[in-house]
> 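Below is the structure I would like to discuss, written out as structure tokens.
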Amino acid sequence: MSDSIGIAPTAADVAADRRRRIKAIVGSSSGNLVEWYDFYTYAFFALYFAPAFFPKGDSTSQLLQTAGIFAVGFFMRPIGGWLFGRIADRVGRKTSMVISVLMMCFGSLMIGILPTYETVGSLAPLLLLLARMLQGLSVGGEYGTSATYMSEVAIKGHRGFFASFQYVTLIGGQLLASLVLITMQSVMPAEQITAWGWRIPFFIGAAAAVVALYLRRSLAETGGSDKEDAGTFSELFKHWRAFCVVLAYTAGGSLVFYTFTTYMQKYLVNTAHMDKAVASRTMTAVLLVYMAVQPFFGWLSDRIGRKANMIAYSGLGTVMVVPLMTAIGANQNPYVAFGLITLGLLAVSFYTGISGIVKAELFPTKVRALGVGLSYALANATFGGTAEYVALWFKDNGMESTFFWYVTVLLAIAFVASLIMPNPKVHGYLDGAGTVEEALGKKRALAHA
């Protein structure tokens, strides 16, 4: 890097800087993987531990109750987005990420040792709810802070590619949870997993969080401002147009993402009537492909622009959801299911491959973590976190296909938001010369001219 008197960096300086940035990406994304493994373990093992925490009843009723607690974890995300976003913008990104992974570790350990409904009655689901609230608070802060950190340390001109590793590790967390499930299904009978084996993945998550803590403590700091307005709502309000655009396209992205990932396993079992183990293996293969393609879509955004990616994701999603979900539900062949689900997730990858960077570019440094984290958390809590519950409710009331149209409407709104979104390459805060507010103001003025 050049110094105060303008000396140009040497090749060795450039290479060393590149290595530091890549190391920071690896360190932050490794912690991100552990956070999301812990969070998704709940979703993947719900089919087994639901009877342990709720009164006996039909499986759909028990899944509705576990999905309700899953959704509550999402409703804690906005609080986490605000709390950890403020810490990241005022104290530093690293500090925020260390605290969040500690909280996740405690939440996972708590679930692993919880007593069952048979032992303590209605106290069991209440304790499960408390643990999920802690995990939701942690993940609510994790997304915004890690997205901000990875965007800031990424190499200019390759930000999309490097920032895509946030979703590589996010999906990797899902994949790891799925692999643990498949391994346990292959070595343990279903009765043992239902009786006590479901606790094992939560203990694994708590232990892995300790490793993530070690990795994050070695990261270099990138942010934190001593300015009085850093990380405040008053400063964030100055960028309300960008905030609303992010809310709109994240709502559709979150809903379709959770529909095709966490809910899909239950959809394959309950609607397509696949065996639990077959559904788990199918989704593991899907997630492996989905994780692998994220860097390509991040790289693609560096070439064609984030705006083009966003239009592609929301446009393709709008026309694909209903026919894909209908076909998946009417099929019992795991290979056909793999192809159909993967096709849907390839369209979603136009968004997930750049999810963090496309938000980070819309906010200035002193409210970047708050702007990214809070907008994402609000949209996720409202639409992503409720995806399973809403889908199961429609199914329970004999209107399952209505859920597909619900997803389609949200993607259509995301498509409109993507169309009016200013081009971050020109108006973004990381690489561009202008501001998002200026660009949105010009668009509004032209529309009324």
> Establish, yes or no, whether a centroid distance under 6.0 Å links the rings of F49 and Y42.
yes
> Using the test ring-ring contact (aromatic ring centres under 6.0 Å, His included), find all partners of F296 that sit at least two apart in sequence or belong to another chain.
W299
> Return the set of residues passing side chain to side chain donor-acceptor pair (under 3.5 Å) with Y48 (not counting sequence neighbours), or none when no residue passes.
Q185
> Checking S178 side chain against Q174 main chain: does a donor-acceptor pair fall under 3.5 Å?
no
> Scan residues 116-125 for pairs that pass side chain to side chain donor-acceptor pair (under 3.5 Å), counting only residues two or more places apart or in two chains.
T116-T119
> Please collect all side chain to side chain donor-acceptor pair (under 3.5 Å) contacts where either partner lies in residues 189-209, sequence neighbours excluded, each pair once.
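Found none.
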> For residues 180-189, pull every pair meeting salt bridge (Lys or Arg N to Asp or Glu O under 4.0 Å), keeping only residues two or more places apart or in separate chains.
none
> Is it the case that the side chain of D38 and the backbone of S108 share a donor-acceptor pair, with hydrogens and angles ignored and the cut-off at 3.5 Å?
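Pair absent, no side-chain N/O of D38 close to backbone of S108.
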> Please collect all side chain to side chain donor-acceptor pair (under 3.5 Å) contacts where either partner lies in residues 160-169, sequence neighbours excluded, each pair once.
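Every pair satisfying side chain to side chain donor-acceptor pair (under 3.5 Å) with a residue in residues 160-169: N32-T169, S146-Q166.
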> Return the orientation label for the F383 and Y406 ring planes: parallel under 30°, perpendicular over 60°, tilted otherwise.
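Tilted.
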> Output all residues satisfying side chain to side chain contact (heavy atoms under 4.5 Å, CB included) with V168, sequence neighbours left out; order by chain, then residue number.
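Expected list: F165, M291, Q294, P295.
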> What heavy-atom pair brings V348 and V256 nearest, and what distance separates the two atoms?
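The answer is CG2-CG1, 3.8 Å.
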> Is it true that R368 and E152 make a salt bridge, defined as a side-chain N closer than 4.0 Å to a carboxylate O?
yes
> Residues in salt bridge (charged side-chain N to carboxylate O under 4.0 Å, His left out) with R77, at least two apart?
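Checked R77 against salt bridge (charged side-chain N to carboxylate O under 4.0 Å, His left out); zero matches.
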> Which pairs count as salt bridge (Lys or Arg N to Asp or Glu O under 4.0 Å) when at least one residue sits in residues 314-333, sequence neighbours excluded?
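Qualifying pairs, neighbours excluded: none.
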> Would you please name every residue forming a ring-ring contact (aromatic ring centres under 6.0 Å, His included) with Y376, sequence neighbours left out?
Y143
> State which residues pass ring-ring contact (aromatic ring centres under 6.0 Å, His included) with Y351; sequence neighbours excluded, sorted by chain then number.
Y313
> Could you work out, with side chain to side chain contact (heavy atoms under 4.5 Å, CB included) as the rule, every residue matching L340, not counting sequence neighbours?
L324, A327, I328, V336
